[in-house]
Amino acid sequence: MAMAAAMTFDEVSMERSKSFVKALQELKNLRPQLYSAAEYCEKSYIHSEQKQMVLDNLKDYAVRALVNAVDHLGTVAYKLTDLFDQQSSDVASLDLKVSSINQRISTCQTYIEKEGLRQQQMCGAAPKLHKHYILPYSGNSKYPGMVQQLQTEFRQDSSEMKPRPYNSVKTLSWHLSSENSSTSATSRTVQSSVEPKAHKIATDTFKLPGAEREKGQTPIPLSRHLHANGGNMSPDVVSQKTSVKVSSHGGKQISTFRSFENPTMGRQIIRAPPRTKSMLSALFVKNKAAKLKKISVI
Amino acid sequence: MARAGGISNPVNVGIAVQADWENREFISNISLNVRRLFEFLLQFEATTKSKLASLNEKLDVLERKLEVLEVQVSSATTNPSVFN
């Protein structure tokens, strides 16, 4: 059907051009006809005796010839105009098609450039560390305000029991509790009744706020336990021992948190383990100045 | 007889003059129409020339656009790795 329509359109255009050529040819043929008619009338007027009749015939023929010429010229002009309109419409449609193709190519080029830029960009995604670590109270006098703020935040979170958005990320508290549960089975000397209770309560406190709790138990912050146990963890030890497990890179394991193991060590100076490059220590080192500023503001 | 011939002469002259005037009028009409036809032809030629010039300009622009598109398409076909 489309092919037939296309052929019809081509045939129509061909017919139009043919008719124009024919009309033009007929107009061209009028000239010798008029010349021959003029010679015939001249000879007949000279040689004939009835000159008036020849003159009348000549007048009629002149009028008809003029009308015929005007008719032919009008036909030629009309067909030429029609042909020109057809050609102009074809050119307009062709222009539309070319512009559409041009637009498609330009869109393809823009997409190619965007894709190239995206591939060429530095795709080094820096690990984002969420500041959700609940730091144990170290009795550090340097950061009293920060510790209090953290405690209040911990209480609020525990009281609200909000589901944290980063449930999949294992917090410092979890690691500490896991370390405690693992190390407690290996070697532990229970020297006082306070110790298991403190350990239990400490582990409870390190549970996630959304976790279920035993009835009657309220989360007690770690600072109070440490005070109760007489924990004398120096801030340096705390900072060096506690490390953070980075969720994005599954990084370093947490070193043993020894403060709960032997709370009755008293005032023994705990040697700091070989310093590991933990994220938390790095954070403490790097953000020391920033936190000092914060505390000063608070 | 001579007077009749003399009377007929002015009549003939008059008729001849009238005929001549008719002929001249006819000729003037014919020439006027021919001039009008000529003016129509001139006007038609001017308009057709302007239309053809505009059409030619459009065709030139289309040719340039097609040349650019042809170059772009040829570059795209020669470098298929760009689309991978």
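Order of the sequence lines sets the chain letters (A, B, ...), proteins ahead of strands, with each chain counted from 1.
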For L55(B), is it the side chain, the backbone, both or neither that has a heavy atom under 4.5 Å from a heavy atom of chain A?
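Just its side chain gets close to chain A.
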Is it the backbone or the side chain of V61(B) that comes under 4.5 Å from a heavy atom of chain A, or both, or neither?
neither
How far does [atom1] of [X] sit from [atom2] of [Y], to the nearest 0.5 angstrom?
{"X": "Q87(A)", "Y": "L59(B)", "atom1": "CD", "atom2": "CG", "result": "8.5 Å"}
{"X": "I105(A)", "Y": "L69(B)", "atom1": "CD1", "atom2": "CG", "result": "4.5 Å"}
{"X": "S88(A)", "Y": "K51(B)", "atom1": "OG", "atom2": "NZ", "result": "8.5 Å"}
{"X": "F26(B)", "Y": "D56(A)", "atom1": "CZ", "atom2": "CG", "result": "9.5 Å"}
{"X": "K65(B)", "Y": "N102(A)", "atom1": "NZ", "atom2": "CG", "result": "7.0 Å"}

Tell me if the [atom1] atom of [X] is crowded by more than 12 foreign heavy atoms within 6.0 Å.
{"X": "Q50(A)", "atom1": "CD", "answer": "no"}
{"X": "F40(B)", "atom1": "CZ", "answer": "yes"}
{"X": "K51(A)", "atom1": "NZ", "answer": "yes"}
{"X": "E42(A)", "atom1": "CD", "answer": "no"}
{"X": "R16(A)", "atom1": "CZ", "answer": "yes"}

A side-chain contact here means heavy atoms from C-beta on lying under 4.5 Å apart; do T48(B) and T81(A) qualify?
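Of all side-chain heavy-atom pairs linking T81(A) with T48(B), none is under 4.5 Å.
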Measuring heavy-atom distances to chain B, does [X] have an atom under 4.5 Å in its side chain, in its backbone, in both, or in neither?
{"X": "L94(A)", "value": "both"}
{"X": "S99(A)", "value": "neither"}
{"X": "I101(A)", "value": "both"}
{"X": "Q52(A)", "value": "neither"}

Start with the C-alpha gap between L80(A) and F44(B), add the side-chain angles, then the distance that decides, and say whether side-chain contact (heavy atoms from CB on, under 4.5 Å) holds.
CA-CA 10 Å; L80(A) 184 62; F44(B) 181 74; 3.5 Å; yes
Winner by heavy-atom pair count (cut-off under 4.5 Å) against chain A, out of L41(B), L66(B), I27(B)
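So the answer, after comparing L41(B), L66(B), I27(B), is L41(B).
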Residues L52(B) and F84(A): closest non-hydrogen pair is N-CE1, 3.7 Å
Show, in sequence, the C-alpha distance, side-chain angles and deciding distance for N23(B) and K59(A), and conclude whether the side-chain contact (heavy atoms from CB on, under 4.5 Å) test is met.
CA-CA 9 Å; N23(B) 291 333; K59(A) 286 178 182 180; 2.4 Å; yes
